[in-house]
Amino acid sequence: MSQYRAVRGMVDVLPDETPLWQMLEQTARDVIGAHGYSEIRTPLVERTDLFARSIGEVTDIVEKEMYSFADRNDEGLSLRPEGTASTVRAMVQHNLIQSAQRVWYMGPMFRYERPQKGRQRQFHQLGVEAFGVPTPDQDAELLLLCRQWWRRLGIDDVVTLELNTIGSAESRHAYKQALTAYLRQHVESLDEDSQRRLATNPLRILDSKSAATQNVVAGAPAMARFLDDESKAHHDQLCELLGQAGLSFVANPNLVRGLDYYNKTVFEWTTDRLGAQATVCGGGRYDGMVGQFGGKATPAAGFAAGLERLVMLLQSLEVDALDHPDLYVISADSNALSQAMLEADRIRTEFPGLRVVQHLGGASLKSQFKRADKSGASWAMVYGPDELAQGTVTVKPLRTNEEQTSLDRGALNDFLHRLERLASDIEE
RNA sequence: GUGGCUGUAGCUCACCAGGUAGAGCACCGGAUUGUGACUCCGGAGGUAGUGGGUUCAAGACCCAUCAGCCACCCCA
């Protein structure tokens, strides 16, 4: 055991997992790009008040989960706990919200929480944000985009969409008062956390997991009754669009989300395969944030997906992404080695679609073949005195029982062409 | 932040009424001279998370600490 370990809640992604990550990221890039969104990259550090004001002063994230510190100039800074605030800040700062804009980002986020499976202190989110479109077609596009991604990943059968609307800021305010009034009559039946939140963030009591609290919540006034007409119409239209697209969802009237900036549409994609960390992706509309950050009032909507959780979901389905070599190059002696290296180099130039691994460091042919097998390569390519003398190369299939063959230059190129085409088919 | 469980070779785990550790897999080498996978033989690898304590003696008991896991909480 080495003297140093990764700090608590921060995790190394090791080489046997990165192919899966790359596959996840690549499908995301493809799907998001296909919808016309462009990538934006913002700093990992922002002023603390940027997060406090947008996410909400009394949210758990801001109150107790941020990595905050003063820099040498005594400025209050924080590692970003999520990506939307930074994205909006950047869009406003650079005056990019002239017309409709579609952006996405991907990267590490930081939250000081007690680590658990599916919950780390440094974790990774991929977020998609759309600015300038107030109508529900925007919300629908985001959800359809998600569904495309899930399909590409093969997880569309194991995630469910939960959907709700929390109305306008005003209607939510009215509802909050009614809810608080009701809950106050039942304080003694609420769990401890919920009692505390009665004063700070009563809406969050709605999705408490405490059975006692849920009994109380069951009799609470419904948010729907307080919704303003516009929010109601927005929600109805969204539901209709989703229906037309054949995207089914579960209406969850208690879905409220833990960040304060949302209004109207909120949603979560959840799965039952990840234990308590069931949410794989979450988002909604945040029409007020651009204005709040000093931009011209501009509607917006977006979501963020947790990459660790998606990776775990893929692993639970035994999806594996492989990056095995196509060719493993073996040489019998040092003469053959120099020839082999030149050939490998030529092949990589002329057949860029092939993964060619050169055996280095010498060893008996026997152990070179063992290595070739372990590498997962589909073919071994052998250079030795015989091959050098005849101007040929021996190729031996490692995944089938066919015989090895000796190829001259022309036959080798034909062989490599076929192999390259096969390799690109598999990647498709 | 709260409660609980766990921590022994790279991995998965075992042993032991407390007497200084073992298996499978993985790894390395060999089974005649240029060839992997299966089989056989051999080898290397652990100050038992870390630090204290109890004891003649501790990986086994106690305490602390660190880390992981589960639930709460939180959310991605």
Side-chain angles (χ1 to χ4, degrees), chain A residues 1-11 14 16 55 59-66 81-84 106-127 146 159 191-194 196-197 201 204 207-211 213 255-259 266-271 274-283 303-313 328 330-333 336 359 363-388 394-401 403-404 406:
Chain A
M1 185 76 52
S2 75
Q3 186 180 354
Y4 291 106
R5 318 184 86 253
V7 318
R8 175 126 122 131
M10 315 244 171
V11 170
L14 302 177
D16 63 337
I55 298 169
T59 56
D60 290 286
I61 293 179
V62 169
E63 272 187 333
K64 48 190 196 196
E65 295 177 3
M66 283 211 290
E82 58 107 45
T84 304
M106 174 165 65
M109 306 294 163
F110 302 85
R111 261 123 92 158
Y112 189 90
E113 298 182 89
R114 183 122 163 202
Q116 214 173 302
K117 200 201 308 186
R119 192 171 73 179
Q120 298 165 192
R121 290 181 175 178
Q122 176 178 334
F123 61 104
H124 296 79
Q125 284 189 339
L126 185 150
C146 289
V159 294
D191 64 285
E192 209 176 308
D193 285 309
S194 296
R196 183 176 49 78
R197 275 190 300 222
N201 203 347
R204 302 254 36 211
D207 61 3
S208 163
K209 283 180 193 167
S210 152
T213 299
L255 180 63
V256 293
R257 317 256 325 129
L259 294 80
V266 293
F267 60 84
E268 289 185 6
W269 292 89
T270 59
T271 176
L274 260 34
Q277 266 57 44
T279 303
V280 128
C281 175
F303 67 80
L307 300 185
E308 280 80 3
R309 291 183 188 176
L310 287 171
V311 167
M312 286 192 302
L313 197 49
Y328 193 97
I330 287 171
S331 38
D333 55 39
H359 181 93
S364 66
L365 277 185
K366 182 193 182 79
S367 89
Q368 291 191 55
F369 267 97
K370 274 189 179 175
R371 291 308 181 104
D373 186 47
K374 299 245 168 60
S375 77
S378 25
W379 294 83
M381 202 169 167
V382 190
Y383 288 89
D386 297 351
E387 284 80 2
L388 258 51
T394 300
V395 294
K396 175 171 181 175
L398 297 175
R399 305 298 142 200
T400 67
N401 285 323
E403 288 299 305
Q404 65 184 42
S406 232

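Bear in mind the structure is a predicted one, so any value in this text is a computation, not a measurement. When reading the values below, keep in mind they use all heavy atoms of this one structure, side chains included, and skip hydrogens, waters and symmetry mates.
Results of the side-chain contact (heavy atoms from CB on, under 4.5 Å) test with Leu310(A) over Val159(A), Leu126(A), Val280(A) single out Val280(A) as the only residue that passes.
Note on Gly118(A): a base of the nucleic acid sits closer than 4.0 angstrom, heavy atoms only. Gln368(A) comes within contact range of no nucleotide atom at all, as no heavy-atom separation falls under 4.0 Å. Using a 4.0 Å heavy-atom distance criterion, Ala276(A) is classed as a base contact. Within 4.0 Å of Arg257(A), counting heavy atoms only, lie sugar-phosphate atoms of the nucleic acid but no base atom. Glu403(A) comes within 4.0 angstrom of no nucleic acid atom, judged by non-hydrogen atoms across all strands. Residue contacts shown for Gln120(A) include a base, since a base heavy atom lies under 4.0 Å away. In this structure, Gly376(A) reaches neither bases nor backbone, as no heavy-atom distance under 4.0 Å exists between it and the strands shown.
In RNA chain B, consecutive stretches of 3 or more Watson-Crick or G-U wobble pairs with both distances under 3.5 Å are given as paired ranges: B:1-7 with B:66-72, B:10-13 with B:22-25, B:27-31 with B:39-43, B:49-53 with B:61-65.
Take Lys64(A) and apply the salt bridge (charged side-chain N to carboxylate O under 4.0 Å, His left out) test, not counting sequence neighbours, and it matches Asp60(A).
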Using nucleotides 27-29 of chain B, report all nitrogen or oxygen pairs with the protein that are shorter than 3.5 Å.
{"unit_1": "C27(B)", "atom_1": "OP1", "unit_2": "Lys374(A)", "atom_2": "NZ", "d": "3.1"}
{"unit_1": "C28(B)", "atom_1": "OP1", "unit_2": "Arg371(A)", "atom_2": "NE", "d": "3.4"}
{"unit_1": "C28(B)", "atom_1": "OP1", "unit_2": "Arg371(A)", "atom_2": "NH2", "d": "3.1"}

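For the residue pair Thr279(A)/Glu268(A), the side-chain donor-acceptor check at 3.5 Å is satisfied.
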